[in-house]
Amino acid sequence: MPPRCSCWSAAQRLTLLLLLSATPLAGASIYAEHGFGEKGGDGSIASDLNPAGLVAGIITEEEGRRRAVIYQHGRIRELGTLGGNEGFTKAINAHGVVVGSAQTASGAWHAFRYEEATGMRDLGTLGGNSSYATAITHDGRVAGYADTSGGDFHAFVTQADHSLQDLGTLGGASSYASGLNAHGVVVGTAQRSDGFRRAFVYRPGAGMQEIGTLPGGRISSATAINDAGLIVGASETEKRRWHAFAWDGKRMLDLGAMIGQGDSYATAVNAAGHVVGSVSINGYEPMTFVYKEGVMTVRRRDDGLYLTNKITDAGLVVGAVYTGHKFQAFAVPSQAAPAPQRSNPLEWFFMTVIAAACGAALYKLKRRHRAGLPGQRTYFR
């Protein structure tokens, strides 16, 4: 079902529904497998994917227990825990080193670093009870957030000996790191002295600096950074909506304005500066968006992901679809594949009749939902 909008006429909604229902899933023959082969009511989520095809993921059992896993070529490797019952992954680097969080024997959550040769290593905390790893670089540095002895979470990055360096805050009580690049630059969200949380960038030797918000916004959050320094995340707007953004160190590009409607959140960026994230329109389930080379594309619900977690340098978007009341790990290409040629004359006739009857309404629909800066385009697919 397409998202409902008061500015769409009934004829326009019918046109979009008919045309999309007549179009096969782009790339279905390539990405036909959902999940990690889990059975029964178990679900799965792909957290990250490395160049060797190793997927860092999560299997969620029907009763709710989470298991940290690596998946490749139809085989699952269980990563275990730190003595407790559950664990989950967040990221994997080119060497197959995985980071995430797992329960200890006492039931606390601790950040971990997993290597096949040495197994799971507890990264500890900042003096408190819990910690969570969120990102890892090619050379193995890890970022995340952990409890301090005072009970507040602070962003951290690991040192050469794997100890945690407290990155502080923006004057408030807490901070959370979510992204890290090869130069040791960390991004995330931190509280200011006035209580508002803002996206931050931490550079070695320069400390933590606030990124700011979109015009009129009060709060923002940074989620990822690439090696060129492009930062992505989400910011509140003057109208108190959430818009995805990309920040190059000089200006904050409003990606949500290019989408034109709904609340949007950027979750990842690759080496080429291609940004992915999720957009939720009028309360409907989220859709995947891809911003690349000045073009914004919002993927159809049957051609995208429910959870959009990462985009690889090769252009694969990984996360999960939602089918049968459970998540299933899945990946889609960042570029939607064109529909294959149709050989059935009756199908061509059907499409011709639809196009002739509804062409004018569809034309108006496309024009109304193109948004963005001059020279940029937005596609709804």
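Heavy-atom basis, side chains included; hydrogens, waters and symmetry copies ignored. This one's a predicted model, so the numbers in the text were calculated from it and none came from an experiment.
- Here side-chain hydrogen bond (donor to acceptor under 3.5 Å, both in side chains) pairs that include residues 309-320, with residues two or more places apart or in two chains, are D48-K310.
- Rounding to the nearest 0.5 Å gives a distance of 8.5 Å between CD1 of I136 and CD1 of I92.
- More than 12 heavy-atom neighbours from other residues, nucleotides or ligands sit within 6.0 angstrom of CD on E78.
- Within the structure, the salt bridge (charged side-chain N to carboxylate O under 4.0 Å, His left out) test picks out the following pairs touching residues 51-61 (sequence neighbours left out): E61-R65, E61-R67.
- Hydrophobic clustering, with ILVMFWY side chains joined whenever heavy atoms are under 4.5 angstrom apart, keeps V321 apart from F327.
- Of the residues T134, V201, L167, the one that meets the side-chain contact (heavy atoms from CB on, under 4.5 Å) test with V186 is L167.
- In this structure, T137 and N93 have side chains that are not in contact, with every pair of non-hydrogen atoms separated by 4.5 Å or more.
- Listed for the T125 side chain is no donor-acceptor partner under 3.5 Å among the backbone atoms of N129.
- Under the 4.5 Å side-chain heavy-atom criterion for Ile, Leu, Val, Met, Phe, Trp and Tyr, V55 and I59 are members of the same hydrophobic cluster.
- Linking ILVMFWY residues whenever their side-chain heavy atoms come closer than 4.5 Å, directly or via other members, places Y202 and L170 in the same cluster.
- Here the side chain of H183 pairs a donor or acceptor atom with the backbone of D227 at under 3.5 angstrom.
- Side-chain atoms of T104 never come within 3.5 Å of backbone atoms of G83 as a donor-acceptor pair (strictly under, hydrogens ignored).
- No donor-acceptor pair closer than 3.5 Å links the side chain of E238 to the backbone N or O of P215.
- Counting non-hydrogen atoms of other residues, nucleotides and ligands closer than 6.0 Å to CZ of R240 gives a total above 12.
- The ring-ring contact (aromatic ring centres under 6.0 Å, His included) search around H95 returns H138, not counting sequence neighbours.
- Put simply, CE on M252 and CH2 on W247 are 7.5 Å apart, with the number rounded to the nearest 0.5 Å.
- Proximity of a side-chain donor or acceptor of S334 to a complementary backbone N or O of G315 within less than 3.5 Å is detected.
- K326 contributes a side-chain N or O that, together with a main-chain N or O of G40, makes up a donor-acceptor pair within less than 3.5 Å.
- Remark: the backbone N or O of G168 is paired with a side-chain donor or acceptor of S175 at under 3.5 angstrom.
- Checked by atom type and distance alone, the side chain of H162 never pairs as donor or acceptor with a backbone atom of R141 at under 3.5 Å.
- Here the side chain of S220 pairs a donor or acceptor atom with the backbone of G212 at under 3.5 angstrom.
- Atoms CD1 and CD1, on I70 and I76 in that order, are 11.5 Å from each other to the nearest 0.5 Å.
- We find the CE-CD distance between M120 and E115 to be 12.0 Å, quoted to the nearest 0.5 Å.
- F36 meets the ring-ring contact (aromatic ring centres under 6.0 Å, His included) test with Y71; sequence neighbours excluded.
- Counting only residues at least two apart or on different chains, no salt bridge (charged side-chain N to carboxylate O under 4.0 Å, His left out) pair has a member in residues 126-135.
- Residues satisfying the ring-ring contact (aromatic ring centres under 6.0 Å, His included) criterion with F196, sequence neighbours excluded, are absent altogether.
- Here the straight-line distance linking atom CE of M258 with atom OG1 of T297 works out to 9.0 Å at 0.5 Å rounding.
- Evaluation of the salt bridge (charged side-chain N to carboxylate O under 4.0 Å, His left out) test over residues 197-225, restricted to residues two or more places apart or in two chains, returns R192-E210, R198-E210, R218-E236.
- Under a hydrophobic-cluster definition in which Ile, Leu, Val, Met, Phe, Trp and Tyr are linked whenever side-chain heavy atoms come within less than 4.5 Å, directly or via other members, F156 and W109 are assigned to different clusters.
- Every side-chain hydrogen bond (donor to acceptor under 3.5 Å, both in side chains) that T89 has, sequence neighbours left out, goes to S47.
- A donor-acceptor pair is defined here as one N or O able to donate and one able to accept, closer than 3.5 Å; such a pair exists between the side chain of S131 and the backbone of G124.
- Separating the CD1 atom in I231 from the CD1 atom in I225 is a distance of 4.0 Å, to the nearest 0.5 Å.
- Applying the 6.0 Å contact sphere to CD of Q209 captures more than 12 heavy atoms from other residues, nucleotides or ligands.
- Residue pairs meeting the salt bridge (charged side-chain N to carboxylate O under 4.0 Å, His left out) criterion with at least one member in residues 119-137, sequence neighbours excluded, do not occur.
- Residues meeting the side-chain hydrogen bond (donor to acceptor under 3.5 Å, both in side chains) test with S221, sequence neighbours left out: T189.
- For residues 262-281, the set of pairs meeting the side-chain hydrogen bond (donor to acceptor under 3.5 Å, both in side chains) definition, not counting sequence neighbours, comprises R241-D263.
- With sequence neighbours excluded, the residues satisfying ring-ring contact (aromatic ring centres under 6.0 Å, His included) with Y145 are Y132, F153, Y176.
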